[in-house]
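To start, the structure itself, in structure tokens.
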Amino acid sequence: MKFEEMDDLENRINELKKELILIAKETGLNSHSTINCSQKLDQLIMVYQKHLKIKLIASPY
């Protein structure tokens, strides 16, 4: 994954965090909307961490 793509992914994660907070405030923590948004955020964070780990392993220092 290129730097620009990682940047875009990080931006999307931050946007989704804000969206999650708004949805949770409006619909409650246990609503389907909140849970769905949280699951999407979890998936993006896992992708980000996976690519970050690969990048760190590939980098000698």
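Below, all heavy atoms of this structure are taken into account, side chains as well, without hydrogens, waters or symmetry copies.
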I'd like to know if Lys18 and Glu15 make a salt bridge, using a cut-off of under 4.0 Å between side-chain N and carboxylate O. no
Flag side-chain contact, heavy atom, 4.5 Å: Leu16 against Glu19: yes
Closest non-hydrogen atoms of Leu29 and Ala24, given as atom of the first, atom of the second and distance, are CD2-CB, 3.9 Å
Would you give the length of the straight line joining atom CG of Leu9 to atom CD1 of Ile45, rounded to the nearest 0.5 angstrom? 9.5 Å
Between atom CD of Gln43 and atom CD1 of Ile13, what is the distance when rounded to the nearest 0.5 Å? 11.5 Å
According to a 4.5 Å side-chain heavy-atom criterion applied to Ile, Leu, Val, Met, Phe, Trp and Tyr, with indirect links allowed, do Leu44 and Leu52 form part of one hydrophobic cluster? yes
Rounded to the nearest 0.5 Å, what separates atom CG in Leu20 from atom CD in Gln39? 11.0 Å
For a quick check under 3.5 Å, do Thr27 and Thr34 share a side-chain donor-acceptor pair by atom type? yes
Can you establish whether the number of heavy atoms outside Asn30 located under 6.0 Å from its atom CG is more than 12? no
Taking Met6 as the starting point, is it possible to reach Leu41 by hopping between hydrophobic residues whose side chains are less than 4.5 Å apart? yes
